[in-house]
Asks: 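Quick one: the structure is below, questions incoming.
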Amino acid sequence: MSVQILSGLSLSDLNVRFYEFMKNENNAVDAASFIFDSLLEDVTTGFLFEAHHGLKTGLTELIEGEKEDEEPYNIVNSPECDVFGFSMLKKTPFDSNCSCPNCDRPVSATRFAPHLEKCMGMGRNSSRIASRRIASNSREPTSYAGLLSDDEDDADWAGASQPAERRKRRMKNNNSKKPKQMHNGNNKSNNGTNADANDGGATYETMTANEKKNLLLAICGVVSEHTKKLCTRSTRCPQHTEEQRRALRNSVLEPSTPESQTMGLTAEEAGSPPDSSPSSSCSSSSRKRERHRAPRKNKAKKDRNASPNGRD
Amino acid sequence: MTVNNTIAHQRLILTGDRERFKELLRRRLIECGWRDQVRMLCRDAVKETEGNNVTLDTLVTRVTPRARALVPDTVKKELLQKIKTHLLTQKEH
């Protein structure tokens with residue numbers, strides 16, 4: 001039913017013929033059905049285009065969703081199979097054996113993780129060992145929280161630090177015995193401060209006595225157990241106790257005095273009284289001055305004592 | 001008479017009223033659910049063809065006759081009536 005286009009017919013001609021044709025009402029009915037057929041064809045084709053487009057691009061499937069399976073699932077009820085009809089015997093040997101990538105042995109799936117832990121050295125215990133190793137390595141380098149890092153490369157600095165280090169080590173040996181003897185009453189706090197003092201020795205190692213003094217005048221300076229860094233807050237920082245600061249200053253400042261080796265006992269005595277405020281380094285420096293004088297007096301006395309003896 | 005019918009049709013196109021009627025028919029067919037029926041017919045046609053390769057031509061040749069038969073009488077009558085009155089009122093100008 002193709003729609004003919006009459007060519008060569010002007011609009012006025014078309015109108016005239018149309019009006020003539022419409023004079024008969026039957027003709028109108030006829031034309032109406034003709035037009036309706038043409039319209040219906042158009043509309044049908046339009047819908048078919050739509051449907052075809054949907055089918056080809058997958059739109060129809062998306063809109064309608066997945067088609068249900070024709071066969072319903074039956075629950076299998078037999079002793080050798082599970083509900084889906086798979087045999088149970090087949091399953092276990094297939095799934096449960098995996099081969100270890102390290103040693104190529106077949107391992108039961110339930111034991112695979114523990115096996116890997118042992119075989120490859122991964123897991124809790126070995127990670128603990130590894131972390132311990134890392135910790136012991138990281139203690140070696142002398143980094144003290146980036147403080148005074150400009151001077152690290154100085155030749156003078158290195159030269160000055162070496163004897164201090166030596167002294168430090170000697171003193172460490174002394175110190176390690178000292179606190180335990182001093183406070184036997186409170187073991188808990190003792191252990192904490194003890195560890196701090198030792199760590200402090202590690203980070204303070206490369207500093208000279210003056211440097212340490214100046215530094216401890218300005219900051220709290222207690223060495224944290226975790227980061228191995230100095231606390232850079234003020235001397236009244238709330239995170240660390242007075243006791244910790246005192247212990248640190250005792251262990252760090254005293255050994256640097258040149259007479260420390262001979263003055264082991266007197267240093268302990270000087271550190272023990274609680275009324276000597278540790279936060280102010282004036283007192284500690286004054287203590288040192290006293291110590292400086294004290295041996296001279298002793299020496300002088302000895303000299304005096306010796307001289308009369310010599311004279312005698 | 002086909003020439004005269006064509007003249008009437010052509011005049012309808014020229015005045016732009018054909019589009020109006022087409023839109024009306026389309027709406028009516030959607031309203032009465034004819035479009036969904038045609039869709040079902042299309043689905044059946046797709047299932048019948050082997051190889052999942054349906055061309056538009058096969059769809060048209062298979063579905064169109066059945067779709068025509070499915071058009072509700074009420075819709076057809078309404079449209080015919082409206083077109084006829086339209087044509088007759090045109091005559092009087």
Side-chain angles (χ1 to χ4, degrees), chain A residues 1-70, chain B residues 1-14 17-19 21-30 34-35 38-43 45-46 52-60 62-64 67-68 71 75-77 79-93:
Chain A
M1 196 182 293
S2 60
V3 177
Q4 271 180 283
I5 305 289
L6 298 177
S7 55
L9 205 63
S10 72
L11 192 59
S12 57
D13 281 347
L14 191 75
N15 276 337
V16 169
R17 287 185 71 171
F18 176 72
Y19 292 140
E20 267 183 30
F21 178 57
M22 281 303 130
K23 275 169 189 167
N24 192 344
E25 202 176 315
N26 289 336
N27 285 345
V29 174
D30 201 17
S33 75
F34 173 82
I35 290 165
F36 174 78
D37 281 346
S38 139
L39 284 177
L40 184 62
E41 194 186 324
D42 268 21
V43 173
T44 317
T45 323
F47 284 147
L48 284 178
F49 265 117
E50 238 175 66
H52 184 251
H53 176 252
L55 284 169
K56 285 292 171 185
T57 55
L59 272 176
T60 325
E61 285 170 33
L62 286 177
I63 290 165
E64 287 173 4
E66 262 184 51
K67 290 164 201 161
E68 285 184 18
D69 271 340
E70 317 264 305
Chain B
M1 275 310 195
T2 46
V3 178
N4 285 332
N5 286 341
T6 315
I7 287 172
H9 190 215
Q10 202 166 339
R11 201 173 171 284
L12 205 65
I13 294 170
L14 283 172
D17 290 320
R18 187 180 183 272
E19 277 305 304
F21 282 119
K22 191 180 156 188
E23 192 48 47
L24 182 71
L25 177 64
R26 198 182 139 79
R27 207 181 305 141
R28 288 283 183 273
L29 288 177
I30 292 170
W34 180 82
R35 188 172 63 165
V38 172
R39 268 193 197 148
M40 296 299 286
L41 289 177
C42 287
R43 236 208 235 167
V46 170
N52 221 5
N53 220 354
V54 190
T55 61
L56 183 70
D57 286 337
T58 57
L59 219 56
V60 169
R62 282 193 192 179
V63 175
T64 312
R68 251 170 211 278
V71 177
V75 175
K76 191 174 178 177
K77 269 180 192 166
L79 256 292
L80 283 175
Q81 184 61 36
K82 282 200 171 164
I83 293 167
K84 195 186 98 181
T85 46
H86 178 79
L87 290 176
L88 290 175
T89 47
Q90 285 292 305
K91 181 188 118 184
E92 286 156 15
H93 219 283

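In what follows, chains carry the letters A, B, and so on, assigned in the order in which the sequence lines appear, proteins first and then strands, with residues in each chain numbered from 1. Worth knowing before you read on, the calculation uses all heavy atoms, side chains too, and leaves out hydrogens, waters and symmetry mates.
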Asks: Under a 4.0 Å N-O cut-off, is there an ion pair linking R26(B) with E50(A)?
Replies: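 Here R26(B) pairs with E50(A) in a salt bridge, since their nearest N and O are under 4.0 Å apart.
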Asks: If we ignore hydrogens and angles and just use 3.5 Å, is the side chain of T57(A) paired with the main-chain N or O of H53(A) as donor and acceptor?
Replies: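 Indeed, once roles are kept as given, a pair shorter than 3.5 Å links the two residues.
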Asks: Sort R39(B) into side chain, backbone, both or neither according to what part of it lies under 4.5 angstrom from a heavy atom of chain A.
Replies: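 Looking at R39(B), just its side chain touches chain A.
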Asks: To the closest 0.5 Å, what do you measure between CG (D17(B)) and CD1 (I83(B))?
Replies: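 So the gap between those two atoms works out to 10.5 Å.
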Asks: Against chain A, label L41(B) side chain, backbone, both or neither, depending on which of its atoms sit under 4.5 Å from a heavy atom there.
Replies: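 Neither; nothing under 4.5 Å.
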Asks: Against chain A, label T85(B) side chain, backbone, both or neither, depending on which of its atoms sit under 4.5 Å from a heavy atom there.
Replies: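 Contact with chain A is absent: no heavy atom of T85(B) under 4.5 Å.
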Asks: Does any heavy atom of chain B fall under 4.5 Å from the side chain of F36(A), the backbone, both, or neither of them?
Replies: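 Both backbone and side chain.
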Asks: Under a 4.5 Å heavy-atom cut-off, does chain A meet the side chain of A67(B), its backbone, both or neither?
Replies: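 Side chain of A67(B) only, per the 4.5 Å heavy-atom cut-off to chain A.
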Asks: Checking K84(B) side chain against N26(A) main chain: does a donor-acceptor pair fall under 3.5 Å?
Replies: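 Checking the backbone N and O of N26(A) against the side chain of K84(B), no donor-acceptor pair under 3.5 Å is found.
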Asks: How many angstroms lie between atom CE of M40(B) and atom CZ of R35(B), to the nearest 0.5 angstrom?
Replies: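 It comes to 14.5 Å.
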Asks: Need one label for L12(B): side chain, backbone, both or neither, based on atoms under 4.5 Å from any heavy atom in chain A.
Replies: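 The answer is the side chain of L12(B).
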Asks: With a 4.5 angstrom heavy-atom cut-off, is it the side chain or the backbone of K82(B) that approaches chain A, or both, or neither?
Replies: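 Nothing of K82(B), per the 4.5 Å heavy-atom cut-off to chain A.
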Asks: Let's test your reading of the structure: which of I35(A), V29(A), T44(A) forms the most heavy-atom pairs below 4.5 Å with chain B?
Replies: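 Top option by heavy-atom pairs under 4.5 Å: I35(A).
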Asks: Between V63(B) and chain A, which part of the residue has a heavy atom less than 4.5 Å away: side chain, backbone, both or neither?
Replies: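 The side chain, not the backbone.
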Asks: If I measure from the heavy atoms of chain B, does L55(A) come under 4.5 Å with its side chain, its backbone, both, or neither?
Replies: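 L55(A) touches chain B through side-chain heavy atoms alone.
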Asks: Atom CG in L79(B), atom NZ in K22(B): separation rounded to 0.5 Å?
Replies: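 So the CG of L79(B) and the NZ of K22(B) are separated by 13.0 Å.
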Asks: Roughly how far, to the nearest 0.5 Å, is the CG atom of L56(B) from the SG atom of C42(B)?
Replies: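 Between C42(B) SG and L56(B) CG, I get 9.0 Å after rounding to 0.5 Å.
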